Amino acid sequence: MHTARRRAPWHKGEGPVKLYTFWRSLATYRVRVALRLKGVAVETVNVDLLQGDQHRGDYLDVNPQKVIPALVLDDGGLPLFQSMAILEYLEEVYPNPPLLPADARGRARVRGLSQIVVSDSHPLSVPRVRNFLTQRFNFDETQLNTWIAHWQTEALRALEAHLSRDPATGRYCHGDSLTLADICLASQAVAAGFFKLDLAPYPTVARIAAACFAQDAFAREHPLRQPGAPATLAH
Ligand SMILES: N[C@@H](CCC(=O)N[C@@H](CS)C(=O)NCC(=O)O)C(=O)O
């Protein structure tokens with residue numbers, strides 16, 4: 001017998017209304033920056049990942065994958081999920097300022113740079129992966145830090161190699177305007193801070209990250225400026 005699903009109280013109207021977020025979430029940082037760059041205001045709902053809020057029943061109705069971000073639109077539908085998909089949605093629905101280049105090759109490059117972070121680096125150090133390694137394979141702190149540093153470093157190296165060899169790199173990852181790649185690179189730079197990795201060996205990444213953090217949207221949405229964040233980068 002099927003149990004009737006509780007009806008979620010999704011609102012009806014136009015545009016995003018609610019973002020499920022947490023100060024430490026890098027995926028949600030990406031979405032918050034895009035929302036702010038595009039001037040879209042949303043209500044935020046805190047999902048404390050350290051307290052396990054992502055596993056609670058009411059959040060499972062929001063995102064059964066048990067991760068944030070999730071963006072509720074007021075079209076009456078289920079929330080959007082996965083930061084990259086949400087960024088692409090925002091780009092389509094709020095085209096100004098554009099965060100993807102006008103040409104197909106440029107868009108492929110921006111998406112490629114973004115995926116180094118979103119697909120190949122970030123997922124390897126999220127809480128559920130860290131917990132699995134410690135609980136299932138008994139990783140101690142040193143082993144866990146080695147794991148995290150390895151995958152973060154791989155991403156930083158890859159970004160640096162792509163950015164430094166390509167004349168398409170400008171003030172930002174792709175030319176002199178912000179793109180989705182800068183949003184992803186900034187989240188990678190925040191991760192480097194969290195995990196105490198020096199950006200000095202990656203001068204192009206460091207330069208672009210600094211240019212991003214000098215922008216209001218990146219600075220105001222920085223994880224360490226969110227409610228509940230600790231005073232320092234270490235955690
Ligand atoms: N690929 C997903 C990653 C989502 C994700 O792993 N989010 C983290 C926070 S940045 C999370 O909610 N983790 C909860 C957990 O690992 O238990 C995206 O980009 O949205």
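As the structure lists them, so they are numbered: ligands from 1, and atoms in each ligand from 1. Every value quoted in this text rests on a predicted model; they were computed, and no experiment measured them.
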Spacing of [X] atom [atom1] and [Y] atom [atom2] [to the nearest 0.5 Å]:
X	Y	atom1	atom2	result
C173	L159	SG	CG	7.0 Å
Q115	S121	CD	OG	12.0 Å
H162	T204	NE2	OG1	12.5 Å
I68	L26	CD1	CG	10.0 Å

[X] heavy atoms, cut-off 4.0 Å: which ligand 1 atoms fall inside?
X	result
R30	19 (O)
A27	10 (S), 18 (C), 19 (O), 20 (O)
Q82	1 (N), 2 (C), 18 (C), 19 (O), 20 (O)
Q54	14 (C), 15 (C), 17 (O)
L26	10 (S)
S25	9 (C), 10 (S)

Evaluating non-hydrogen atoms only, which member of [options] is closest to [atom]?
atom	options	answer
atom 11 (C) of ligand 1	V67, T28, L50	V67
atom 16 (O) of ligand 1	H122, R128, H55	R128
atom 19 (O) of ligand 1	S83, P69, S119, A70	S83

Checklist entry - Which ring pair (Phe, Tyr, Trp, His ring centres under 6.0 Å) pairs, counting each pair once, include a residue from residues 106-139, with sequence neighbours left out? => result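 Ring pair (Phe, Tyr, Trp, His ring centres under 6.0 Å) check on residues 106-139 returns F132-F137.
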
Exercise: identify the closest heavy-atom pair between [X] and [Y]:
X	Y	result
Y59	A70	OH-CB, 3.6 Å
L87	V31	CD2-CA, 4.0 Å
V47	Y20	CG2-CD2, 3.7 Å

Next on the checklist: Does the residue R130 have a heavy-atom contact with ligand 1, meaning some pair of atoms that are separated by less than 4.0 Å?
Outcome noted: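 So R130 does not count as touching ligand 1.
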
Checklist entry - Heavy atom of M84 under 4.0 Å from ligand 1? => result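 No, that is not the case, since the closest heavy atom of the residue is not under 4.0 Å from the ligand.
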
Item to check | Closest protein heavy atom to atom 8 (C) of ligand 1, given as residue, atom name and distance to 0.1 Å | outcome: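 Scanning the protein heavy atoms, the shortest distance from atom 8 (C) of ligand 1 goes to I68 O, 3.8 Å.
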
Checklist entry - Please walk me through it: do R157 and E154 pass salt bridge (Lys or Arg N to Asp or Glu O under 4.0 Å)? => result CA-CA 5 Å; R157 272 203 202 115; E154 287 289 297; 3.1 Å; yes

Checklist entry - Where does L49 meet ligand 1, judged by heavy-atom distances below 4.0 Å: at the side chain, the backbone, both, or neither? => result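 Side chain only.
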
